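This report concerns only the one structure given below.
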Number of protein chains: 2
Amino acid sequence: MGVSIRDVAKRAGVSIATVSRTFTIPQKVTPLTRKKVIKAAKELDFTISRSASSLKSGRSFRLAFLTGGEIESWYDSNILSGLNSILHDAGYDIALYTVSDISQRKAFFSDMSIKRNADAVLVVSFQIAKDEAEGFKATKIPLLGINTDPMEEFTASIVIDNAKSMKLIIEYLAKLGHKNIAYLCVDPDLENFRWNGKARLNGFFEACRSVSAEIHPTIVYAPKDHNRADSAFSQLACMPNKPTAVVCMNDEYAIPLIFRMQQSGWSIPEDISVVGFDDSTYAQEIGLTTVHQDPKEMGRATARILLKLLSEATITNSVQVEPSFLIVRNTVAQVL
Amino acid sequence: MGVSIRDVAKRAGVSIATVSRTFTIPQKVTPLTRKKVIKAAKELDFTISRSASSLKSGRSFRLAFLTGGEIESWYDSNILSGLNSILHDAGYDIALYTVSDISQRKAFFSDMSIKRNADAVLVVSFQIAKDEAEGFKATKIPLLGINTDPMEEFTASIVIDNAKSMKLIIEYLAKLGHKNIAYLCVDPDLENFRWNGKARLNGFFEACRSVSAEIHPTIVYAPKDHNRADSAFSQLACMPNKPTAVVCMNDEYAIPLIFRMQQSGWSIPEDISVVGFDDSTYAQEIGLTTVHQDPKEMGRATARILLKLLSEATITNSVQVEPSFLIVRNTVAQVL
DNA sequence: TTGAAAGCGCTACCAT
DNA sequence: ATGGTAGCGCTTTCAA
């Protein structure tokens, strides 16, 4: 298997212990020796073997990324990208686990063998049961949650404030005179697994209530598939008193809906105002008024927290709220 | 570090060798003993330690995924997702490496230490130099390319036929009477790194030439940033004789462009026809006529090839062309 | 089919 | 600051 630490030690004229040190705790090695070792290593194309160092040190240098969604989604892939941009250089791999229903989730958490092969686990966008999380308390393996209901069982939670963001939307809409506001979202029966759906839905109604008694909120459900725009549009078009604004659970509902409306001759925002959520792909180019959040940056933030957790072994129970804010663009009009 | 293979062996009343075998080559263990071992393992929450088994077997169970783009892009994230859906269950991790320019690429390939810590490397969407690839020939580490110019240095290449797909577009357009056709793409100076840009550009002109002498192709460059739709639109609107159709290097140019055009009062496809490439996010919902390809399935196909390569150690030099085809939807009209 | 045992390449402890 | 060395948990050869 090519060169080993032994070869480098020989060539540099030092012990293997010294070679190991120059790569793991360089400050414990004289600059001169360090230089010799580095030189020898370079000449031999040597790097520390991950498996050997993991085995010996008892750390796997591996993060389990557990998602209830799809890796290729805008959200998950950005989280992953942000995570990797920091973790990769710190020597960590990210192992991707997907669960698509509660039984798979249960299986993941009951099979605690993960603990043997990961230094931390990260739960992305879905909710887990208290007892599932509790299994981790016994170990010192950090359990982090991104975009999950921040339970105290998590070592750290990284979230945005969905409720506050919804309130920002409703306040803005109310200020422009909107009273008849619809909320477009996936039928919760289709998606009781993801977390932020609930958070946003509740946030919407709560915001309507708290902002003004004059607001009449309604709800429109659409399927998750490619008919969602058609479905939403026809429901909206048929409503006895058409709302003046539609708030969408995310941009993925808003963008095709706007398209569909335009295709049917409606003008946005003249005929109806539309608000998205996420500020994801195309939102900026299309001029969508939406709530901005930055999952890539959240991934980076999570990586930093993780690294700290892993080096200091501090058992915190922190909740880090990342920024989210309304971006006003061109899809909302004043009610005349 | 919890239970080890020794504990399981003791509890099952067998040797550690037998425990190891039941997990790696189960067919070499009597069903009865196997059952005993599995039972003991389950009771103890035991799994094989990745690092120990890697160290001993000399295989890292790790794939280096090297991309010149962004992990969160539609293409890369789908490739990754497809890859992981098969590789994860086969016990492989995917380590994400990103390079954003030629010097980083050089660094990756000159630092051959990857070989120590990955069982294979996968180059995604960009071109590498012959000598960079040659470094791998000496080792038995497979070097695969997805969406790269299929060089013979690759152990296997997985691609779509960009040229053929372009021809499909042009033939379709020609049949509907289009003669004045524009190609919208990123300025190649901005992006000489990614591969398929060139392949599609060349494919476009070649297809125009071969399909009909009456076709007048033109080219429109747009920046990569969020102004691309504006930029493309104003160039198109100002052209002395406006093209009847615009072929876009990918959907990411087509979708905002269509939006922009509609916003300015143009109707698609009545005022101008637009064709995309990729069949990516929103293409179906928006009714975009485009070339379909399925990177998630390509990821799966690559994983299968890889697994075979890794188990049989066959040094092939295969080129697998994955399907791509034109999907006719609603953004192309007949020329009157 | 199963067991004994060597040793993969490191890290970390203890000496010097 | 550096070296010697035990041993991390497994896989795999060899023998029984």
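So that the names make sense, note that chain A is the first sequence line, chain B the second, and so on, each numbered from 1. Here the structure is a predicted model, which is why all the values come from computation and not from measurement.
Going from atom NZ of Lys10(A) over to atom P of dG9(C) covers 13 Å, rounded to whole Å. Between Asp7(B) atom CG and dG9(D) atom C1' there is a gap of 11 Å when expressed in whole angstrom units. The CZ atom of Arg59(A) sits 22 Å away from the P atom of dG9(C) (whole-angstrom rounding). One atom, CD1 of Ile5(A), and another, C1' of dA6(D), lie 15 Å apart when rounded to the nearest Å.
Nearest heavy atoms, Gln27(A) versus Arg34(A): CA-NH2, 4.4 Å.
Applying the 3.5 Å distance criterion, the base of dG7(C) shares a donor-acceptor pair with the side chain of Lys56(B). A donor-acceptor contact under 3.5 Å is not formed by the side chain of Arg50(A) with the base of dG9(C).
Phosphate proximity of dG9(D) to Ser53(B): absent, as no side-chain N or O sits under 4.0 Å from OP1 or OP2. Proximity of Thr18(B) to the phosphate of dT2(C): no side-chain N or O atom is located under 4.0 Å from OP1 or OP2.
Proximity note for Ser15(A) (side chain, C-beta onward) versus dG4(D), dG9(C), dG3(C): the nearest is dG4(D). Residue Leu55(B) has its side chain nearest to dG9(D) when only dG9(D), dG3(C), dT2(D) are considered. Which of dG3(D), dT2(D), dG3(C) sits closest to the side chain of Thr30(A) comes down to dT2(D). Taking only side-chain atoms of Ser20(B), from C-beta outward, the nucleotide of dC13(C), dT12(D), dG9(C) with the closest atom is dT12(D).
Among the protein residues, Val14(A) comes within range of the sugar-phosphate backbone only, with heavy atoms under 4.0 Å from sugar or phosphate atoms but none that close to a base. Using a 4.0 Å heavy-atom cutoff across all strands shown, Thr33(B) reaches sugar-phosphate atoms only and no base atom. Across all strands shown, Ser51(A) has no heavy atoms under 4.0 Å from either base or sugar-phosphate atoms. Here Phe46(B) lies in heavy-atom contact (under 4.0 Å) with sugar-phosphate atoms only. Across all strands, Ser54(B) comes closer than 4.0 Å to no nucleic acid atom at all (heavy-atom distances).
Projected onto DNA chain D by closest heavy-atom contact, Ile25(B) and Val29(A) fall at different nucleotides, the more 5' of which corresponds to Val29(A). Annotation: of the two residues near DNA chain C, Arg6(B) and Ile16(A), the 5′-most nearest-nucleotide partner is Arg6(B). Nearest-nucleotide mapping onto DNA chain C: of Arg34(B) and Ser57(B), the residue sitting toward the 5' end is Arg34(B). Toward the 5' end of DNA chain D, the nearer of the two residues Ile48(B) and Arg21(B), judged by each one's closest nucleotide, is Ile48(B).
A distance of 11.0 Å separates CG in Leu310(A) from NZ in Lys140(A), rounded to the nearest 0.5 Å. Atoms CD1 and CG, from Ile79(B) and Asn84(B) in turn, are 13.0 Å apart once rounded to the nearest 0.5 Å.
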Point to revise | Stepwise salt bridge (charged side-chain N to carboxylate O under 4.0 Å, His left out) test for Arg50(B) and Asp93(B) | key: CA-CA 10 Å; Arg50(B) 307 193 110 241; Asp93(B) 281 352; 3.3 Å; yes

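Side-chain contact between Ile146(A) and Leu122(A) is present, with at least one heavy-atom pair separated by less than 4.5 Å. Under the 4.5 Å side-chain criterion, counting only non-hydrogen atoms from C-beta, Tyr92(B) is in contact with Asp119(B).
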